[in-house]
Amino acid sequence: MTRSSGVAILKDLSIGFYKIPLPVVLSDSTHGEIKAFELVTIRARDADGAEGTGYTYTVGRNGGAIADILGREITEIAREMEADDTEQLWHKVWWALHYGGRGGPAVLALSALDIALWDLKARRASMPLWRLLGGFDRRVPCYAGGIDLDLPLDGLLKQTDDNLAKGFRAIKMKVGRPSLASDVARVKAMRGHLGDEFPLMADANMKWTVEEAIRAARALQPFDLTWLEEPTIPDDVAGHARILQAGGVPIAAGENLRSLWEFKPYIAGGALSYAEPDVTNCGGVTSFMKIARLAEAFNIPVTSHGAHDITVHLLAACLNRSYLEAHGFGLDRYIEHPLVLEQGMAIAPDRPGHGIAFDWKGLERLGAA
């Protein structure tokens, strides 16, 4: 696709809202049972008819609020603006929604818009997004993110074998069961199943107090975790620093942080080993890349949460990238080109933009949530 005029004026923003049922009920230590996820989409079209697509998601609640903000507020703010001015648009929306937003549904809505604008910009330039963002290496290490806290041990190991058969060469499992001994036994079994030095991560989903997390980290030390993720609530920066210092295990955090400014005290304050933004809730591509660059300045690697089909482009443009998380919440059923894995590496596609083509008719059959 080539540009037919000097500017890309936004003329139409259309919003979609879908509830996608999961084939298997998932669970973790704080969100409980997850039976479906909510997908909120936005298609941004310019005056030339070029289109970019963005999306965000929830694990079952608040999707309606996000869709309403996109349709009622952001559409009014962004229409008739220059689509290529992603920085200007980002700040205009952020500050217009700041007093009643500053996070929560408002920043998820902004994230979806920003993703759509970057997709549109890359498509108009006939470039894959990872190259437009600078381009580093389209082959990105990738792990399978299991949402498996309540799976019996044999089910956990079978899920792992299925992921290995798909080509994954790194695995994340859930911890945060009522009994720490149970967590330890499951991690020990997983380490034995995978063998020494195989990359293994564990995710507590904010379950513990700081002291509980330190105790858990020390108990999990023998199993050589690549990282322990979200050991306590995201509001406690000092607590994360204590866990990292006293627990003896690398810490990943950030999927529940909603802006560059929320990442700053974590990164500058020595509160994490891996920065973990989610492009669909941290403010989109614009914000994700700033977080990654900030982490790079402190010699901290960046990983990701969710939305792997978009994030593979972002990490492919980062010198300090570590692992891409892959779990699609069943989204692969509704896109034309699912993520490609080669020997444990996710391959950023060379299609223009982020390259995601939704099955819109299939999504419409689900009905609006």
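What you are looking at is a predicted structure, and each value in this text was computed from that prediction instead of being measured.
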Considering residues, nucleotides and ligands other than [X], do more than 12 of their heavy atoms fall under 6.0 Å from its [atom1]?
X      : atom1 : answer
Gln343 : CD    : no
Arg333 : CZ    : yes
Lys172 : NZ    : yes
Arg45  : CZ    : yes
Gln88  : CD    : no
Asn299 : CG    : no

Say you draw a straight line from [atom1] of [X] to [atom2] of [Y]; how long is it, rounded to the nearest 0.5 Å?
X      : Y      : atom1 : atom2 : value
Ile335 : Leu363 : CD1   : CG    : 10.5 Å
Asp359 : Glu364 : CG    : CD    : 10.0 Å
Glu73  : Leu113 : CD    : CG    : 13.0 Å
Leu108 : Asn62  : CG    : CG    : 9.0 Å
Leu272 : Thr303 : CG    : OG1   : 11.5 Å
Tyr57  : Ile66  : OH    : CD1   : 10.5 Å

Closest contact, heavy atoms only, [X] versus [Y]:
X      : Y      : answer
Lys35  : Glu33  : CE-OE1, 3.5 Å
Tyr323 : Cys142 : CD2-N, 3.9 Å
Ala346 : Leu324 : CB-CD2, 3.6 Å
Pro338 : Asp309 : C-OD1, 4.2 Å
Ala213 : Ile243 : CB-CD1, 3.5 Å
Pro21  : Leu366 : CD-CD2, 4.2 Å

For the backbone of [Y] and the side chain of [X], can you confirm whether one donor and one acceptor N or O come within less than 3.5 Å of each other?
X      : Y      : value
Arg215 : Ala219 : no
Ser273 : Ile251 : yes
Arg123 : Glu51  : yes
Ser287 : Ser259 : no
Glu262 : Arg258 : yes
Asp183 : Gly176 : yes
Arg139 : Ala348 : no

Exercise for the section: Please confirm whether Trp227 and Tyr143 have ring centers closer than 6.0 angstrom. Expected result: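 Ring centroids of Trp227 and Tyr143 are less than 6.0 Å from each other.
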- Task: For residues Tyr18 and Tyr334, establish whether the separation of their ring centroids is below 6.0 Å.
- Result: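 Judged by ring-centre distance (under 6.0 Å), Tyr18 and Tyr334 do not meet the cut-off.
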Donor + acceptor pair across side chains of [X], [Y] (<3.5 Å):
X      : Y      : result
Tyr274 : Asn320 : no
Arg43  : Thr53  : no
Asp161 : His193 : yes
Asn281 : Ser111 : no
Ser304 : Glu325 : no

side-chain hydrogen bond (donor to acceptor under 3.5 Å, both in side chains) pairs touching residues 241-252, sequence neighbours excluded, are Glu211-Arg242
Worksheet entry | Qualifying side-chain hydrogen bond (donor to acceptor under 3.5 Å, both in side chains) pairs, either residue in residues 89-107, two or more places apart |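 Sorted pair list: Glu87-His91.
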Is any side-chain heavy atom of [X] closer than 4.5 Å to a side-chain heavy atom of [Y]?
X      : Y      : result
Phe288 : Thr311 : yes
Asn163 : Arg169 : no
Leu157 : Met190 : yes
Val340 : Pro349 : no
Leu39  : Phe358 : yes
Leu200 : Phe223 : no
Pro128 : Arg351 : no
Asp350 : Trp130 : yes

Asn205 meets the side chain to side chain donor-acceptor pair (under 3.5 Å) criterion, sequence neighbours left out, with Lys174
> When you measure from the centre of the six-membered ring of Trp261, is the NZ or CZ of Lys264 under 6.0 Å away and within 45° of the axis?
Replying inline: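 No, Lys264 does not sit over the ring of Trp261.
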- Message: Quick check on the hydrophobic clustering: are Ile147 and Leu339 connected, directly or via other members, by side-chain heavy-atom contacts under 4.5 Å?
- Response: yes
- Query: Should Met345 and Leu319 be regarded as members of a common hydrophobic cluster, given that ILVMFWY residues are connected when their side-chain heavy atoms come within less than 4.5 Å of each other, either directly or indirectly?
  - Reply: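 Result: no, two separate clusters.
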- prompt: Would Glu38 and Arg61 pass as an ion pair if we require N to O under 4.0 Å?
  reply: no
**Presence of salt bridge, Asp162 and Lys158, under 4.0 angstrom** = yes
Notebook entry, point to check: Which one of Lys207, Met206, His240 satisfies the side-chain contact (heavy atoms from CB on, under 4.5 Å) criterion with Glu230?
Noted result: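 Result: among Lys207, Met206, His240, Met206 is the only option passing the side-chain contact (heavy atoms from CB on, under 4.5 Å) with Glu230.
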| Option passing side-chain contact (heavy atoms from CB on, under 4.5 Å) with Leu117 (candidates Asp84, Val285, Leu10) |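 The passing option is Leu10.
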Please walk me through it: do Asp48 and Arg124 pass salt bridge (Lys or Arg N to Asp or Glu O under 4.0 Å)? CA-CA 10 Å; Asp48 295 328; Arg124 287 176 62 93; 3.1 Å; yes
